[in-house]
Amino acid sequence: MTMRQTKRFIFCSILFATLSLIGPAARGGGEEVFKGLIADSQCAMNVHSLSQSHKEMLQGKDVGKTDADCVWYCVKERGGRFVLQIKTKVYKLDKQDFSREYAGHKVQVTGTLDSKTNTIHVRQVELLTEAAQ
């Protein structure tokens with residue numbers, strides 16, 4: 001093998017290894033669409049709920065009257081974080097600011113899922129209409 005071929009081989013090997021380590025998410029691939037409810041980690045993960053819902057919390061008068069009220073209360077007063085809840089499955093959201101305006105509402109989240117941490121790396125959040133749910 002000539003010196004030029006050796007350099008080319010080393011360059012290609014390093015490039016392949018780098019692309020393998022970066023993964024599809026960083027290269028722009030692997031995006032998925034998730035449809036669910038923007039909830040709080042406290043209720044969705046049964047920290048103070050037996051039903052993975054806001055049912056128990058809303059029975060107390062200081063929380064509010066709607067799911068959105070409960071989400072905001074748990075995030076502001078109980079240290080919760082915004083999450084995406086799809087039935088009994090709960091996903092962490094890396095960008096909390098994307099979720100604020102949709103608290104307690106059904107949404108469509110576009111992003112990449114890190115299955116090791118169960119976190120969606122959010123690119124976009126859209127409110128779902130009744131027809132799209």
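Numbering of residues begins at 1 and proceeds along the displayed sequence. We use all heavy atoms of the structure for the numbers below, so side chains are in, but hydrogens, waters and symmetry mates are not.
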Can you name the residues that form a side-chain contact (heavy atoms from CB on, under 4.5 Å) with Tyr102, not counting sequence neighbours?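 For Tyr102, the residues satisfying side-chain contact (heavy atoms from CB on, under 4.5 Å) (neighbours in sequence not counted) are Ile38, Val107, Val125, Leu127.
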Quick one: [atom1] on [X] to [atom2] on [Y], what's the gap to the nearest 0.5 Å?
{"X": "Gln108", "Y": "Leu84", "atom1": "CD", "atom2": "CG", "answer": "10.5 Å"}
{"X": "Asp69", "Y": "Cys74", "atom1": "CG", "atom2": "SG", "answer": "10.5 Å"}
{"X": "Lys106", "Y": "Gln85", "atom1": "NZ", "atom2": "CD", "answer": "10.5 Å"}
{"X": "Arg78", "Y": "Cys70", "atom1": "CZ", "atom2": "SG", "answer": "8.5 Å"}
{"X": "Leu128", "Y": "Lys35", "atom1": "CG", "atom2": "NZ", "answer": "6.0 Å"}

Is there side-chain contact between [X] and [Y], with at least one heavy-atom pair below 4.5 Å?
{"X": "Arg81", "Y": "Gln96", "answer": "yes"}
{"X": "Val75", "Y": "Gln42", "answer": "no"}
{"X": "Phe34", "Y": "Ile120", "answer": "yes"}
{"X": "Tyr91", "Y": "Thr119", "answer": "no"}

Can you name the nearest heavy-atom pair linking [X] to [Y], along with the distance?
{"X": "Thr112", "Y": "Gly30", "answer": "CG2-O, 3.5 Å"}
{"X": "Ala44", "Y": "Val90", "answer": "O-CG2, 3.5 Å"}
{"X": "Glu101", "Y": "His105", "answer": "O-CD2, 4.3 Å"}
{"X": "Val71", "Y": "Ala103", "answer": "CG1-CB, 3.7 Å"}

Walk me through whether Trp72 and Arg100 qualify under side chain to side chain contact (heavy atoms under 4.5 Å, CB included). CA-CA 9 Å; Trp72 276 106; Arg100 292 183 187 284; 4.0 Å; yes
CA sep, side-chain torsions, deciding dist, call: Lys89, Asn118, side chain to side chain contact (heavy atoms under 4.5 Å, CB included): CA-CA 10 Å; Lys89 189 86 172 144; Asn118 206 35; 4.1 Å; yes
Run the side chain to side chain donor-acceptor pair (under 3.5 Å) test against Thr110 and tell me which residues pass, sequence neighbours left out.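 Side chain to side chain donor-acceptor pair (under 3.5 Å) list for Thr110, sorted by chain: empty.
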Excluding sequence neighbours, so at least two apart, what forms side chain to side chain donor-acceptor pair (under 3.5 Å) with Asp94?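 Side chain to side chain donor-acceptor pair (under 3.5 Å) list for Asp94, sorted by chain: His121.
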Test item: Lys95 side-chain N/O and Val122 main-chain N/O as donor-acceptor pair under 3.5 Å: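 Checked: pair present.
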